[in-house]
Amino acid sequence: MAGTGDAHLRNGDADVLLKVSDLVMEFPVGEGRKVHAVSGISFDLIRGETLGLVGESGSGKSTTGRAVMQLPSPTSGSVMFEGRELTELSNDEMRRMRPRVQMIFQDPVSSLNPRRRVSDIVAEPLRVLKGRKGVSADKVAEVLDAVGLDVNKVGERRPHEFSGGQCQRISIARSLVLDPELLICDEPVSALDVSVQAQILNLLKDAKERYGLTMVFIAHDLGVVKNISNRVAVMYLGKLCEVGEAGALYNSPAHPYTAALLESVPVPDPDIRPAEREVLTTEIPSPMSPPSGCRFRTRCPHAAEICATEEPQLRAVGPDQFVACHFPLQPVPVSVS
Amino acid sequence: MTVDAPVTNDATSGTDHLLVVDDVRTHFRTSRGLVRAVDGVSFTLDGGRTLGIVGESGSGKTVLSRSIMGLLPKRHTETPTGQVLFKGNDLRAAPRKELQRIWGCDVAVVFQDPMTSLNPVMKIGKQMTESMRHHLHISQSEANVRAVELLRSVDINEPDRRLEQYPHQLSGGMRQRVTIAMALGCSPELLIADEPTTALDVTVQAQILDLLQAQQRQRNMAMIIVTHDLGVVAGRTDEIMVMYAGQVVEKAPTRELFTRVRMPYTEALLQSIPRIEDNVDTRLKVIPGRPPDLTSPPKGCRFAPRCSYTQTKCLEEPPPLVSEGDHQYRCWFPIGTSLEVDPPTRRDGALAPGVVATAGTVTTGGAD
Ligand SMILES: Nc1ncnc2c1ncn2[C@@H]1O[C@H](COP(=O)(O)OP(=O)(O)OP(=O)(O)O)[C@@H](O)[C@H]1O
Ligand SMILES: Nc1ncnc2c1ncn2[C@@H]1O[C@H](COP(=O)(O)OP(=O)(O)OP(=O)(O)O)[C@@H](O)[C@H]1O
Ligand code: SF4
Ligand code: SF4
Ligand SMILES: [Mg+2]
Ligand SMILES: [Mg+2]
């Protein structure tokens, strides 16, 4: 199987809301060639948990998020949500399922219709799902309140009157209006300055508490991800490198790529001279012809022969820390198979 | 340390500075009124030195950079006041021809979006060599050799092949490398990089910043890095200048700034950065609200509506920029001095009583 293992998946007793298995997403690009955007990854989410999904640009994070929502449906693999196989649902069934999973995007301004009033934008998912009569003004006011906006002050206005941070608030309110179970946030703060970013991160935590949400939080900045995630999954070129409880993964990264990502985070401390750190110097290879064996090997300082011939499978290096590497930076306990 | 009385700026004293920016004001006429985007900024920069300019979105960083470069839209801009001296020559009074010689040659700029400086329908090689031939008066073949060298110096592999490519055939990180190579083309003495990495992911960001730093050292050129993230400039600059609402609110040598923050705004910016070493689920300390509307900034301290140390005096009188050695700040009650506000009279995360934070055009009230 093309997968990178499933040692990191939780057992049957856990209250698993989402379970993705061997997810593959390929995009044909003509002449028989294809982009291997996601190549057999598995992960699960326990109800109430936030999973951070990190990796460089092009590693397949957005593709994974969209595949969960069947936008589009994956090339192969399974997406089990609340015990139902989403990849097998008919269009009609999927339409009814969709409100349970909502997504917010990086660019808040262009994801809002510029001609509509804020209260209509927020109410739109309700109107689409239940028709005009389904729109509840109270619900709209409530979700706007949850993102720190007062419907009486903002309801009649249009998106262009708002800053980027406020547009992101509006799009979060819209994603909450259908009471989703799972919220997939695709780089919701990457385009915002540090102060607005902090406001939105706190707000997402509050909304999560208030509505009991389960979240996937996609970002390329590990600092941001740690602030909001219980568990973190590191992606590289369509594969999972490392998955684990956030504290463990940050304190003792086991995959060379995780370690390199950590080194790249800008630190507001003048005593840490960035030029002396070991950062990745080359670029991510083309997903049209990914390297054999371990996909990270072309940039890995520890690569050996076996890395080119054998794909590493995820295995445990701690109680909740799993790594796909032949030579992990943390010792592999012998007792764990 | 004692805090001196307001000091008049010393920007114009001494003529050996590479760049002197003296009381620059750039105001725009709009239907809402006069936007005071840059409102009396002064600083100097010496050859080979690096300065970080930091502030939230809308604080005037880009308008300041453009004012220095003389790259402002003519139509709605009030006649600029103040002086910008580059090697003693007033850029603002310079004839257009003189300016064209300086731009892209003695002074070069790198923007956030590489496509601002790249022509999408022209090959990389042509774009690079055209400006070099124009500025350096060299032949096409000399320019080609130079372009290949430059691309190699910014870590672009297969430089010969890249010359034949169009911008869209390169990744975002590579495009930014190309614009840096182009900016370095005429060996500038000053490079202004306006958020050169904001659109890029963290690994590429680290690469580009390292690259800029290495080039700056090798060429001993002066550099200004503009960013909203203090983390980006922490280990990479000699000095940092923090801007708020069109003004300088704090400026100090980098280490001094981080170890002895005086200005509450700088402290708040630092606290809003999520740290790797923080525990998961740490609640970030946010700065409530947004920067003020620059058509009618608050009459006292411009940061007062959002500051957690605000006192009555802050709401009434604008604090002057004062100097403590080479550390400047604009606050009545600077942190870490005898004037600092006692903890009991601070407030947390809420807006000052009786003031509304203007958030864009909307008043949200409460912790924004
Ligand atoms: N519809 C598509 N057709 C062809 N290639 C695609 C398509 N969508 C994504 N890709 C490619 O798949 C790879 C993964 O893309 P994806 O957008 O998922 O990455 P990402 O991790 O979200 O990156 P970023 O941080 O830039 O958003 C990229 O190489 C991308 O170019
Ligand atoms: N041509 C213009 N006409 C009117 N107002 C302008 C013009 N250019 C900029 N402004 C205003 O001047 C202020 C400062 O803008 P500037 O772009 O310098 O901010 P910045 O600090 O660079 O922010 P960012 O981090 O978003 O790039 C903003 O309020 C902006 O709206
Ligand atoms: S498997 Fe080999 S190439 Fe891949 S990360 Fe581990 S050491 Fe590096
Ligand atoms: S002058 Fe007052 S309001 Fe302004 S920064 Fe200082 S303490 Fe805060
Ligand atoms: Mg993406
Ligand atoms: Mg700017």
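These figures come from a predicted structure and were not determined experimentally. Atoms considered below: every heavy atom in the structure, side chains included; atoms not considered: hydrogens, waters and symmetry mates. So that the names make sense, note that chain A is the first sequence line, chain B the second, and so on, each numbered from 1.
- Options B:Asp278, B:Asn279, B:Thr259, B:Leu284 differ in how many heavy-atom pairs under 4.5 Å they form with chain A, and the most are formed by B:Leu284.
- Contact count versus chain B (heavy atoms, under 4.5 Å) is highest, among A:Gly247, A:Gly164, A:Gly223, for A:Gly223.
- B:Thr295 and B:Asp293 share a side-chain donor-acceptor pair at under 3.5 Å.
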Would you sort out whether B:Arg162 and B:Asn157 count as a side chain to side chain donor-acceptor pair (under 3.5 Å), showing the intermediate values? CA-CA 8 Å; B:Arg162 303 297 177 191; B:Asn157 55 7; 2.9 Å; yes

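- Ion pair B:Lys251/B:Asp326 not flagged as a salt bridge, since none of the NZ, NE, NH1 or NH2 atoms sits closer than 4.0 Å to an Asp/Glu carboxylate oxygen.
- By a heavy-atom distance cut of under 4.5 Å, A:Leu192, A:Asp193, A:Val194, A:Ser195, A:Val196, A:Gln197, A:Ala198 are the residues of residues 185-198 of chain A near chain B, going up by number.
- Heavy-atom distances place the side chain of B:Leu270, and not its backbone, under 4.5 Å from chain A.
- For A:Lys226, the parts sitting under 4.5 Å from any heavy atom of chain B are the backbone and the side chain alike.
- Partner of A:Gln321 under the side-chain hydrogen bond (donor to acceptor under 3.5 Å, both in side chains) criterion, out of A:Glu242, A:Glu245, A:Arg231: A:Glu242 alone.
- Within the structure, salt bridge (Lys or Arg N to Asp or Glu O under 4.0 Å) contacts touching residues 208-224 of chain A (residues at least two apart or in different chains) are A:Asp145-A:Arg210.
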Using side chain to side chain contact (heavy atoms under 4.5 Å, CB included), reason through B:Thr282 and A:Asn227 one step at a time and then give a plain yes or no. CA-CA 6 Å; B:Thr282 303; A:Asn227 182 261; 4.2 Å; yes

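- With sequence neighbours excluded, the residues that form a side-chain hydrogen bond (donor to acceptor under 3.5 Å, both in side chains) with B:Asp194 are B:Thr62.
- When heavy atoms are compared at a cutoff of 4.5 Å, A:Leu222 approaches chain B by way of both its backbone and its side chain.
- For the side-chain hydrogen bond (donor to acceptor under 3.5 Å, both in side chains) with B:Thr50, the qualifying choice from B:Thr254, B:Thr237, B:Asp238 is B:Asp238, the only one to do so.
- The ring pair (Phe, Tyr, Trp, His ring centres under 6.0 Å) check on A:Phe217 picks up nothing, with sequence neighbours excluded.
- Looking at B:Gln205, the atoms closer than 4.5 Å to chain A (heavy atoms on both sides) all sit in the side chain, from C-beta outward.
- Neither the backbone nor the side chain of A:Thr50 comes within contact range of chain B, judged by heavy atoms closer than 4.5 Å.
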